[in-house]
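Notes follow the structure.
Below, chains carry the letters A, B, ... as their sequence lines are ordered, and counting in each starts from 1.
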Amino acid sequence: MRLSQLPWTTLKETPADAEVISHQLLLRAGLIRRLTGGIFTWMPLGLRVLRRVEQIVREEMDRAGALEVLMPAVQPAELWQETGRWDRYGDLLLRIRDRHERDYCFGPTHEEIITDLARRELRSYRQLPVNYYQIQTKFRDEIRPRFGLMRAREFVMKDAYSFHIDQGSLEQTYAAMANAYTQIFTRLGLKFRTVEADSGEIGGARSQEFHVLAESGEDAIAWCDGDDFAANVEAAPALPPRAPRPAPAEPMRRVTTPGIRSIEEVCAALAVPPGRCLKTLLVDAADGGLVALALRGDHELNLVKAARLPQVAQPVTLASAERILAATGAPPGFAGPVGLRIPLVADHAAAALADFTCGANEDGYHLSGVNWGRDAPEPATADLRNVVAGDESPHGGGPLAIARGIEVGHIFQLGDKYSQAMKATVLDEDGKERTLIMGCYGIGVSRIVAAAIEQNHDEHGIIWPEPMSPFHVTLLVLNPKNSEPVTAAAEALYLELHRAGLEVLLDDRDARPGVKFAEADLLGVPHRLVLGERGLKDGVVEYRHRASGAEQKVALHETATFLRERIHSRPS
RNA sequence: CGGGGUGUAGCUCAGCUUGGUAGAGCGCUUGCUUCGGGAGCAAGAGGUCGCAGGUUCGAAUCCUGUCACCCCGACCA
């Protein structure tokens, strides 16, 4: 591709509304343009990146035996009503009405559509297992679209749905998909981790997520070097402390803490570490009352774990200030287990505290030297907190480490949640109707583009992993207007590289060298060639590797060979 | 949805407090000079100041409404 024939504009300044680096660089490099909140146009160079990602995903899905289909983006409400999700999915669902006043939505996901397809097309166990996939535009009306392509409303997703006669078959396909995903992210050249996940809203038994590792990731993932444990912090179990609870050593004392509410303030005022404080959270209970959840002051509540408690109302909702006052006799910030008249569940670590500090259930007072069993009843215990770095791995291999990740893939064993609701059945070998067992497998294709940038950039711009770069190599021609021989040599080299099977971006614009260098760095093609009068005199081009900055001169006639040795992701 | 903020040239922003003929830098066009890491000089093009209403002799500026966008919050206890 010739840059002289492309209206490509880059931005020297960072657009004001772009927060994260991938959003900034995608805009600055002219790869995407925003149309409206969370909705973007892919520009010519950006689209090449998206297409490359799609292609790798497609190849690996095909290799794993999945069948590509393309389902409608617009879906009738009736199907969503069948599964009950028309009401449950909420405002995330973009609803549309046609001229006949019929309701539709723009698909945020396709379980309903595929299950409808399956119940029409699949009659016999002999047709199973089958795994359909598509690469398609989805729309989710996010509360707050942000971070550019990372949390867009309209986005490109690869979603796959498999159908099985039994759990064993599902597990086989699930394993094949896990394998294919590993292959995909490896081929894309990304640093990633596979982690156990909570299956959340979509439901089902087992699920794993694939995270691209990056500081700016929205998810925290925990893993252990000493064993095979890796999980989203949401889904990582925290082991109870090994050491038994120390015996009480201090008397309980009441201390005045006027206006002090947060754990930090309490710790500062009373000179105690957060790990010696008890934080008592009040949430709405399933029976309409309140439940207290006790955590150590330095720990955070894990909402997924809290939601698993039968006493807790769904979804987990923090109690209002009025209800807290009514239940504890004090405003928020002063709750504690001593004399508390509502049920309490303590996290294992909180239950192992002795001589701790907590709220006194009285405005302006806290208690110190508090002990379970002596001052407050022995609590019911559960795993309620997020794991933290240094916690013991559940698999016994040593301490956990925590990293940030961007979720780019998620695979689920769905079971019969949708097939049952939509009566998707086949006949088994005994001629009996059997409800289909399903799996589903998603990859955020457009999000991968953003995640790759989050993980691979420097102060000059993007550094594409080779397999997803818009071009294999960029060839900068310096001052083409001033030198016929340079232009001629560049044209010849461009053609030759092209013939060698390389995708080349030729910067043949009548622009200053500095502009070409700066824009090439911004765009981030991994291999760069510079052809100018200086080098041409000696019959060489100058090669530079974007990521390492390594440079060397290469004889013109050896350039194609030289590049082919260094580029491993040529299209087959 | 709650709270906060911002809408002025393609982009980044000043001007608004204290009303009086719309500005800068970058980008764009033309010319000359330059030409190996986002050039210099000169001349240009480009804006219903988000939109609607109001106050006023006069509104980018003050008031009301509205729309859009951005940020924070959904663990404060």
Side-chain angles (χ1 to χ4, degrees), chain A residues 7-20 23-24 27-30 33-39 90-91 143-148 257 259-266 274 277-283 290 292-295 297-306 315-321 323-325 327-328 330-337 340 347 357-361 363 366 384-386 459-461 476-483 486 507 509-523 528 530-536 541-542 544 549 551:
Chain A
W8 182 45
T9 47
T10 61
L11 304 174
K12 230 187 279 190
E13 287 166 296
T14 302
D17 56 0
E19 248 192 300
V20 295
H23 190 191
Q24 294 170 2
L27 289 170
R28 285 192 49 212
R33 291 290 179 239
R34 191 186 76 104
L35 178 62
T36 182
I39 300 180
D91 292 332
I143 300 175
R144 186 141 86 91
R146 55 182 140 178
F147 306 146
T257 50
I260 287 179
R261 311 197 147 194
S262 69
I263 290 288
E264 298 80 63
E265 289 168 339
V266 170
C277 293
L278 188 81
K279 131 165 114 177
T280 309
L281 304 169
L282 299 173
V283 299
L290 295 183
L293 303 177
L295 293 164
D298 56 338
H299 287 154
E300 287 182 343
L301 180 66
N302 179 309
L303 287 173
V304 173
K305 294 174 180 178
V316 180
T317 312
L318 288 174
S320 64
R323 300 194 71 192
I324 291 174
L325 184 62
T328 68
F334 296 99
L340 191 67
D347 177 67
T357 299
C358 63
N361 299 319
D363 193 0
H366 279 74
L384 291 177
R385 67 181 177 93
N386 283 335
E459 67 272 29
H460 301 294
L476 310 190
V477 192
L478 300 193
N479 304 311
K481 283 278 164 64
N482 296 355
S483 168
V486 169
D507 191 348
R509 296 175 298 175
D510 179 24
R512 298 171 59 81
V515 172
K516 298 190 177 194
F517 291 133
E519 292 189 338
D521 284 350
L522 181 59
L523 180 61
R528 187 188 81 183
V530 172
L531 186 55
E533 269 185 316
R534 276 188 206 168
L536 189 59
V541 289
E542 293 146 63
R544 184 182 168 102
E551 301 193 19

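Using a 4.0 Å heavy-atom distance criterion, A/Gly37 is classed as a sugar-phosphate-only contact. Residue A/Asp91 is out of contact with every strand shown, counting any heavy-atom pair closer than 4.0 Å. A/Gly535 comes within contact range of at least one nucleobase, with a heavy-atom separation under 4.0 Å. Within 4.0 Å of A/Asn479, counting heavy atoms only, lies at least one base atom of the nucleic acid. Here A/Thr9 lies out of heavy-atom contact (under 4.0 Å) with every strand.
For B/G25, the base has a donor-acceptor partner in the side chain of A/Glu13 [N/O atoms by modelled type, under 3.5 angstrom].
Using a 3.5 Å distance cut-off with no hydrogens or angles, the side chains of A/Thr14 and A/Gln24 do not pair a donor with an acceptor. There is a side-chain donor-acceptor pair under 3.5 Å between A/His366 and A/Thr257.
Applying the salt bridge (Lys or Arg N to Asp or Glu O under 4.0 Å) test between A/Lys516 and each of A/Asp507, A/Asp521, A/Asp510 identifies A/Asp507 as the sole match.
Across B/A24 and B/G15, the matching C1' atoms stand 11 Å from one another, rounded to whole Å. Taking the C1' atom of each, B/A60 and B/C16 are spaced 7 Å apart, rounded to whole Å. Comparing the same atom, C1', in B/C35 and in B/G40 gives a spacing of 12 Å after rounding to whole Å. Atom name C1', nucleotides B/G23 and B/U61: the rounded distance is 15 Å, in whole Å. Comparing the C1' positions of B/G31 and B/C49 gives a spacing of 33 Å, expressed to the nearest Å. If you take atom P in B/U8 and the same atom in B/A45, they sit 22 Å apart, rounded to whole Å. Going from the P atom of B/A68 to that of B/U55 covers 27 Å, rounded to whole Å. Between the C1' atoms of B/U30 and B/G36, the separation comes to 27 Å (whole Å).
Nucleotide B/C41 has B/G31 as its partner under the Watson-Crick or G-U criteria, with both atom distances under 3.5 Å. Look at B/G2: its Watson-Crick or wobble partner, with both distances under 3.5 angstrom, is B/C72. With a 3.5 Å ceiling on both atom-pair distances, the Watson-Crick or G-U wobble partner of B/U66 is B/G50. Pairing for B/C13 is with B/G23, a Watson-Crick or G-U wobble pair whose two hydrogen-bonding atom distances lie under 3.5 Å.
The backbone N or O of A/Lys305 sits less than 3.5 Å from a side-chain atom of A/Asn302, completing a donor-acceptor pair. A donor-acceptor pair is defined here as one N or O able to donate and one able to accept, closer than 3.5 Å; no such pair exists between the side chain of A/Arg385 and the backbone of A/Asp347. A/Ser483 places a side-chain N or O within 3.5 Å of a backbone atom of A/Val486 that can act as its donor or acceptor partner. In terms of modelled atom types and a separation under 3.5 Å, the side chain of A/Arg544 and the main chain of A/Arg528 share no donor-acceptor contact.
For the pair A/Phe147 CZ and B/C71 C1', the interatomic distance rounds to 10 Å; values are reported in whole Å. Spacing between atom CG of A/Asp17 and atom P of B/C72 amounts to 13 Å, rounded to whole angstrom units. The distance between atom CG of A/Asp510 and atom P of B/G31, rounded to the nearest whole Å, is 11 Å. Counting to the nearest Å, the P atom of B/C70 and the CD atom of A/Gln24 are 14 Å from each other. Across the protein-nucleic acid pair, A/Leu27 atom CG and B/C26 atom P stand 22 Å apart, rounded to whole Å.
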Protein within reach of the bases, or only the backbone? For nucleotides 37-45 of chain B, mark each nucleotide 5' to 3' as B, S or -, using heavy atoms under 4.0 Å. BBB------

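Under a 4.0 Å N-O distance rule, the pair A/Glu519/A/Arg509 qualifies as a salt bridge.
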Distances for protein N or O near nucleotides 73-77 of chain B N or O, under 3.5 Å:
unit_1, atom_1, unit_2, atom_2, d
B/C75, N3, A/Leu301, N, 3.4
B/C75, N3, A/Leu301, O, 3.4
B/C75, N4, A/Leu301, O, 2.8
B/A77, O2', A/Gly333, N, 2.9
B/A77, O2', A/Gly333, O, 3.4

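Pairing each heavy atom of A/Ile263 with each of A/Pro274, the nearest pair is CG2-CB, 4.1 Å. Between A/Gly336 and A/Leu340, the shortest heavy-atom distance links the atoms O-CB, 3.5 Å.
Two residues are said to be in side-chain contact when any heavy atoms from C-beta on lie closer than 4.5 Å; A/Arg34 and A/Asp17 meet this criterion.
RNA chain B is contacted by both A/Val530 and A/Gly38; A/Val530 maps to the nucleotide lying nearer its 5′ end (nearest heavy atom per residue).
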